Number of protein chains: 4
Amino acid sequence: MSVLAKVIEPRWERRKDARPSELASAALELFVERGFAATRLDDVAKRAGVSKGTLYLYFDSKDELFKAIVREGIVPRFVEFEERMRSYEGSSADLMRLLVKTWWQKIGATKLAGISKLMISEAGNFPELAKFYHDEVIVRGLAIFKVAIQRGIDSGEFRPMELEHTPHICAAPVLMLMLWRNSFDLCGAQGMDPETYLDIHTDLLVRGLLK
Amino acid sequence: MSVLAKVIEPRWERRKDARPSELASAALELFVERGFAATRLDDVAKRAGVSKGTLYLYFDSKDELFKAIVREGIVPRFVEFEERMRSYEGSSADLMRLLVKTWWQKIGATKLAGISKLMISEAGNFPELAKFYHDEVIVRGLAIFKVAIQRGIDSGEFRPMELEHTPHICAAPVLMLMLWRNSFDLCGAQGMDPETYLDIHTDLLVRGLLK
Amino acid sequence: MSVLAKVIEPRWERRKDARPSELASAALELFVERGFAATRLDDVAKRAGVSKGTLYLYFDSKDELFKAIVREGIVPRFVEFEERMRSYEGSSADLMRLLVKTWWQKIGATKLAGISKLMISEAGNFPELAKFYHDEVIVRGLAIFKVAIQRGIDSGEFRPMELEHTPHICAAPVLMLMLWRNSFDLCGAQGMDPETYLDIHTDLLVRGLLK
Amino acid sequence: MSVLAKVIEPRWERRKDARPSELASAALELFVERGFAATRLDDVAKRAGVSKGTLYLYFDSKDELFKAIVREGIVPRFVEFEERMRSYEGSSADLMRLLVKTWWQKIGATKLAGISKLMISEAGNFPELAKFYHDEVIVRGLAIFKVAIQRGIDSGEFRPMELEHTPHICAAPVLMLMLWRNSFDLCGAQGMDPETYLDIHTDLLVRGLLK
DNA sequence: AATGAATGAGTATTCATTCAT
DNA sequence: CATGAATGAATACTCATTCAT
């Protein structure tokens, strides 16, 4: 397209950037704000700066858009996060603190955190997706905590602990913070300070785990 | 009226005063299963065994039905729960365990637990209701934990703790369990055993809090 | 019913007066204010001080209620009005003035005037009723004017006039006033003074008719 | 596009800019036939040959559709009609006859005449619209008659006349004819001949006004 | 690739009508 | 006679989806 055309038809210029991920990003924001059903594709399109029809060039349906957000939004980030944890060499208590902190920084503090809320809200309506999310995200996330706890037990730092339920308990306060920031925090509820909150959580947790 | 008539005209056997709560109960189940927007009033009516029009005899709109469920469903139970905690005389560690256990038994294990999921999902769409829920339920719930912690600190059982964020952390695993059972648990995810889960939670928590 | 019961159950006392005509009267007011379709039987019942079910003791349906209002509301009054005109002995110009004035006083100024608006609005939806109204009210009303005009022509007071359309023209300003008072007059439009208006009308009309 | 394609896909032949007035036109017909409340948007859409959803592309609601019909249907025609009257140079009696005749031809004989019936029927339900119609249409229409009468008085043709109510009386028979043709005329009532009717009206009126 | 006008199935809500009491 | 809870058909309005351009 010529420079002249650019001036005459600036509308056509931004298309180059209108990648699926931008559409998904706009959709995620709205899904998190309003929920899946209450989000209109009109609004998604408007926020992404494209027409409604364009959404259908990239996603077969609203359901598929939702699934794509979850699948492509969270899993890659999570894998990345998972890898960061592998090669840690310090104490298990420090590893636990690092886990929580990194999870928060890489996911919890970003808008990806909203996906947790979405999945909890919509698990009933998207059973296959819920299964996928459970297997790919939750199980893997819990496994990381499980490994960390096992590591602490093996090294003699931690008491022997049950290993199925305990990871859930390690994760719960982090998840609740993510949910909180995408629900009540928006409605004028007293805000929480994530850093303080997570420090207290890890402090309590590590004390609870130590021999 | 004879038993026979009862069979012929069961419609009129229903008591006027029982109706609102029957309807609210049916609605709660569906709202929890499917979310607010995805629940059709037709289905609520069907589950309650009445016609759609009947819903409007008792609730002005779908919104008001939702609000009534939250307001009348949870607050009274919560107040009741609150009162049970007042007069405890044992150790603070035991009080903490009792708090968690009672909360679970009286609310978490009932279908009222679904309201937590609903509020998290719909806080953005019902800001006034979210405020109400925050003030009437969350703040009061957190206050109970706050009092228990303070009590432990005062008696010398617990370490000095920050008191704004810590209650959230005490509550988080219980809430997550409530959410879990109304989301992933339904989709074939591995179930959790509430008793085991909560025992581990309180065990870790109390160890974390003790001097 | 004893005097005591009267005190104990005053609710049951007004029933004696709840005659069909009272219900019709309440309905007429609302039909005129809001139109047929926009009037809810709930409101009719409320205004009449009875329950909605009671309406069905006296009228088979909303349509029948409407028809009864028209049939029983206007025809008897109109017959009465018709009779007043028979035995007049003065000049035809004075008769014309009397006709207009009496029509106004006995019908136009009362809430029966609203029926004209109703019939114009609903003629399309109630063809049989429109036919009935046309034959029983309009034709008879026009006949009165026709007779008066013929009388004036016969006596030499009036010019020879066409007798099919002229009665409509005599009546039109009176009807318009009735419509006006039940439509724009209610919406803050500048009011008209009926007496002045009708004096001018008859003055113009008589001058137009005289030789 | 070929003629064949036209036949295969007539849907897309309709012009975007023609749509609103086509829809309004279809709606006007039905509103006049059945009244506002009794007209279903399904039927409006069907008569316009579009789907119900299409109506909402152009009008925000049924109310707005009604308002658009009144605002855009009648006011421009009326303004146009008003302008035609300005520059008349003949006698005031002839002007009065011309006024009536032109009003009839340009509005009364068209389906725009139905708007008068609609406004009378619905004034109570659309107070703001009634005010608008009163100010933009009625007041202006009456003003034209007022000017004509004043002109006749000033030139010595007409007697001195009251000027607030008289214009209403000049207009009433024309309006009644418009109403008649959209109500009883449809129900098998004896038809009136507009030309004869209006000739008699202007004849009577002018005789009444002349010195 | 992108548009946006058009669609029509789907849903909340209303209200005339019924009927056991 | 009178009630008013219950009904369900009717209808305004929404929004995911399609498709000619």
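All values below were derived from every heavy atom in this structure, side-chain atoms included, with hydrogens, water molecules and symmetry-related copies excluded. Quantities reported herein were computed from a predicted structural model and do not represent experimental measurements. In what follows, every chain begins at residue 1, and chains take the letters A, B, ... in the order their sequences are listed.
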Problem - Counterpart residues, side-chain contact (heavy atoms from CB on, under 4.5 Å), relative to C:A68 (two or more places apart) - result: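 side-chain contact (heavy atoms from CB on, under 4.5 Å) check on C:A68 returns C:F59, C:E72.
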Handout entry: Set of residues satisfying side-chain contact (heavy atoms from CB on, under 4.5 Å) with respect to A:S51, sequence neighbours excluded
Key =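 Expected list: A:T54.
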For [X] and [N], what is the distance between atoms [atom1] and [atom2] respectively, to the nearest whole Å?
| X | N | atom1 | atom2 | value |
| --- | --- | --- | --- | --- |
| C:D63 | E:dC15 | CG | P | 16 Å |
| B:R19 | F:dA5 | CZ | P | 11 Å |
| C:F59 | E:dT18 | CZ | C1' | 18 Å |
| C:L55 | F:dA5 | CG | C1' | 16 Å |
| D:K46 | E:dG8 | NZ | C1' | 13 Å |
| A:L65 | F:dT17 | CG | C1' | 13 Å |
| C:E64 | E:dT17 | CD | C1' | 14 Å |
| D:L30 | F:dT11 | CG | C1' | 15 Å |

Exercise for the section: Indicate whether OP1 or OP2 belonging to E:dA2 is found under 4.0 Å from a side-chain N or O atom of A:S51. Expected result: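 No.
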Exercise for the section: Check whether any side-chain N or O of C:Y58 sits under 4.0 Å from OP1 or OP2 of F:dA2, and answer yes or no. Expected result: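 Answer is yes, contact under 4.0 Å.
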Exercise for the section: Using the closest heavy atom to pick a nucleotide of DNA chain E for each, name whichever of A:G53 or B:G53 lands nearer the 5' end. Expected result: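 Counting from the 5' end, the first nearest nucleotide belongs to A:G53.
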How would you list, by chain and number, every residue that makes a side chain to side chain donor-acceptor pair (under 3.5 Å) with [X], sequence neighbours excluded?
| X | answer |
| --- | --- |
| C:R40 | C:D43 |
| D:E64 | none |
| A:S61 | none |
| B:N125 | B:E122 |

Exercise for the section: Would you mind telling me which of E:dA5, E:dT18, F:dA6 lies closest to the side-chain atoms of C:Y56? Expected result: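 Of the candidates, E:dT18 comes closest.
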Exercise for the section: Counting heavy atoms from C-beta on, name the nucleotide in F:dA12, E:dA5, E:dT17 closest to the side chain of C:S61. Expected result: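 Output: E:dT17.
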Handout entry: Base of E:dT13 paired with side chain of B:K52 (donor-acceptor, under 3.5 Å)
Key =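 Yes, a donor-acceptor pair under 3.5 Å.
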Practice task
Please list residues of residues 33-45 of chain D whose heavy atoms come under 4.0 Å from any atom in DNA chain F, ordered by number; otherwise none.
Solution key: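 Heavy-atom contacts with DNA chain F come from D:T39, D:R40, D:L41.
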Handout entry: From A:L129 atom CG to A:R71 atom CZ, the distance as rounded to the nearest 0.5 Å
Key =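 Answer rounded to 0.5 Å: 6.0 Å.
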Handout entry: Spacing of CG belonging to B:N182 relative to CD1 belonging to A:I120, to within rounding of 0.5 Å
Key =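 Atom-to-atom, B:N182:CG and A:I120:CD1 are 10.5 Å apart.
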Handout entry: Aromatic ring proximity B:F36/B:F126, centre distance under 6.0 Å
Key =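 Centroid separation for B:F36 and B:F126: below 6.0 Å.
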Practice task
Starting at the 5' end of DNA chain E, write a dot or bracket for each base, bracketing those in Watson-Crick or G-U wobble pairs whose two distances are under 3.5 Å and using | for partners on another strand.
Solution key: .||||||||||||||||||||
Handout entry: Residue pairs fulfilling salt bridge (Lys or Arg N to Asp or Glu O under 4.0 Å) with at least one residue in residues 51-62 of chain C, sequence neighbours excluded
Key =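 Listed once each, the pairs are C:D42-C:K52.
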Exercise for the section: Using a 4.0 Å heavy-atom cut-off across all strands, classify D:K62 as base, sugar-phosphate, or nothing. Expected result: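 Sugar-phosphate contact only - D:K62 comes under 4.0 Å of backbone atoms but never of a base.
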